[in-house]
Visitor: 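Sharing a structure with you now.
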Amino acid sequence: MVDLARRNFFKAKKLTTAPAIRLPWVLNETTFIAGCTQCGECLTSCPENIIQKGDGGFPEVNFLKGECTFCQACVESCQQPLFAERALASEINAWDLDISIKGDCLAVNDVFCQSCQECCETEAISFKYINSSVPQPQIKLSDCTNCGACVAICPQSSIELTPKKFCG
Ligand code: SF4
Ligand code: SF4
Ligand code: SF4
């Protein structure tokens, strides 16, 4: 019989690229890699179509394809015990991601743009003049749900969401 956890452990050891964003409410990277069977159910269940097959065949979220609505369809489609139970009723703590705006942002380069603010439902992004000719974007981390809506809308792909911890 194939030892799934052992097989996935060795597969995970081969992953060398930047940390992937897994599904919302996943317990942690180690549990995910050990327990995911790569059945693909979560990929087809996501109505936003933002889950893709990543390195090593494991699912990952790609916010360049769209935003997470926290609908929980991916969690419900998964037969493995990979998710935090208490979080299932809320969009809070769906992920533990860092969010940042890179230097190629149009506003940072004195070109007017506020597209990211317009798409942010929780109004976590605001604009202020900071020794600049056009208002500069600022993200209030406590209001950011990590939904990723601002990622695909940005004409420069300047907004990055990355996992805070990686223990693959
Ligand atoms: S919670 Fe819904 S929108 Fe978000 S990744 Fe899962 S299936 Fe897709
Ligand atoms: S949408 Fe992108 S380019 Fe425009 S202000 Fe926001 S981060 Fe900058
Ligand atoms: S990821 Fe955060 S800043 Fe971006 S749209 Fe969602 S809530 Fe707003």
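Keep in mind it's a predicted model, so treat the numbers as computed, not measured. Order of listing sets the numbers, starting from 1, for every ligand and every atom in it.
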Visitor: Step through it carefully: locate the ring centre of F63, locate the ring centre of W95, and say whether they are under 6.0 Å apart.
Guide: yes
Visitor: Go through ligand 3 atom by atom and flag the ones less than 4.0 Å from a non-hydrogen atom of G148.
Guide: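 Answer, ordered by atom number: 1 (S), 6 (Fe).
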Visitor: Under 3.5 Å, is there a donor-acceptor pair between the side chain of Q38 and the main chain of G56?
Guide: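 Yes, because the side chain of Q38 sits within donor-acceptor range (under 3.5 Å) of the backbone of G56.
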Visitor: Inspect the surroundings of NZ in K102 and state if more than 12 heavy atoms from other residues, nucleotides or ligands are less than 6.0 Å away.
Guide: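 Count over threshold, so yes.
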Visitor: When you measure from atom 2 (Fe) of ligand 3 to every protein heavy atom, which one gives the shortest distance, and what is it?
Guide: C144 SG, 2.4 Å
Visitor: Could you tell me which non-hydrogen atom of I51 sits nearest to which non-hydrogen atom of P59, and how far apart they are?
Guide: CG2-CB, 3.9 Å
Visitor: If you count the atoms of ligand 1 from 1 in the order shown, which ones are under 4.0 Å from a heavy atom of E48?
Guide: 3 (S)
Visitor: To which protein heavy atom is atom 4 (Fe) of ligand 1 closest, and what is the distance rounded to 0.1 Å?
Guide: C68 SG, 2.3 Å
Visitor: Out of C120, C154, C119, who is nearest to atom 8 (Fe) of ligand 3 when you count heavy atoms only?
Guide: C120
Visitor: Could you tell me whether any N, O or S atom belonging to C46 is less than 2.8 Å from atom 2 (Fe) of ligand 1?
Guide: no
Visitor: Got a sec: is C113 within less than 2.8 Å of atom 2 (Fe) of ligand 2 via an N/O/S atom?
Guide: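 No, outside the cut-off.
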Visitor: Consider only side-chain N and O atoms of Q156 and D104, and report whether a donor and an acceptor are under 3.5 Å apart.
Guide: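 Distance-only check fails for Q156 and D104.
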Visitor: Which ligand 2 atoms, with their elements, are less than 4.0 angstrom from a heavy-atom of L106?
Guide: 3 (S), 8 (Fe)
Visitor: I'd like to know whether ligand 1 has T69 as a neighbour, heavy-atom separation below 4.0 Å.
Guide: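 Under 4.0 Å: yes for T69.
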Visitor: Which atoms from ligand 1 have a heavy atom of C74 less than 4.0 Å away?
Guide: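 Under 4.0 Å from C74, ligand 1 has these atoms: 1 (S), 5 (S), 6 (Fe), 7 (S).
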Visitor: If the cut-off is 4.0 Å to any non-hydrogen atom of P155, which atoms of ligand 2 fall inside it?
Guide: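 With P155 as reference, the close atoms of ligand 2 come out as 1 (S).
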Visitor: Any atoms of ligand 3 less than 4.0 Å from a non-hydrogen atom of T122? List them with their elements.
Guide: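 Under 4.0 Å from T122, ligand 3 has these atoms: 7 (S).
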Visitor: Using every non-hydrogen atom in the two residues, find where E48 and E67 come nearest and quote the distance to one decimal.
Guide: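 In this case the closest contact between E48 and E67 is CG-O, 3.3 Å.
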Visitor: Spell out, as yes or no, whether a donor-acceptor pair under 3.5 Å connects the side chain of S45 to the backbone of L43.
Guide: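 Judged by distance alone, no pair lies under 3.5 Å.
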Visitor: For the residue pair E41 and Q79, confirm or rule out a side-chain donor-acceptor distance under 3.5 Å.
Guide: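 Checked: E41/Q79 side chains show no N/O donor-acceptor pair below 3.5 Å.
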Visitor: Could you see which bit of F127 sits under 4.0 Å from ligand 2, with heavy atoms only: side chain, backbone, both or neither?
Guide: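 Side chain only.
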Visitor: May I ask you to decide if G103's main-chain N or O and N109's side chain share a donor-acceptor pair within less than 3.5 Å?
Guide: yes
Visitor: May I ask you to identify, for V108, whether its side chain, its backbone, both or neither come under 4.0 Å of ligand 2 on a heavy-atom basis?
Guide: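 Contact part for V108 vs ligand 2: neither.
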Visitor: Which of the numbered atoms in ligand 2 are under 4.0 angstrom from any heavy atom belonging to S115?
Guide: 1 (S)
Visitor: If the cut-off is 4.0 Å to any non-hydrogen atom of I125, which atoms of ligand 3 fall inside it?
Guide: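 Result: 3 (S).
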Visitor: Tell me which one of A107, S100, C105, C116 gets a heavy atom nearest to atom 6 (Fe) of ligand 2.
Guide: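 Ranked by closest heavy atom to atom 6 (Fe) of ligand 2, first place is C116.
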Visitor: Please check if the number of heavy atoms outside E121 that lie under 6.0 Å from its CD is greater than 12.
Guide: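 Incorrect, the count does not exceed 12.
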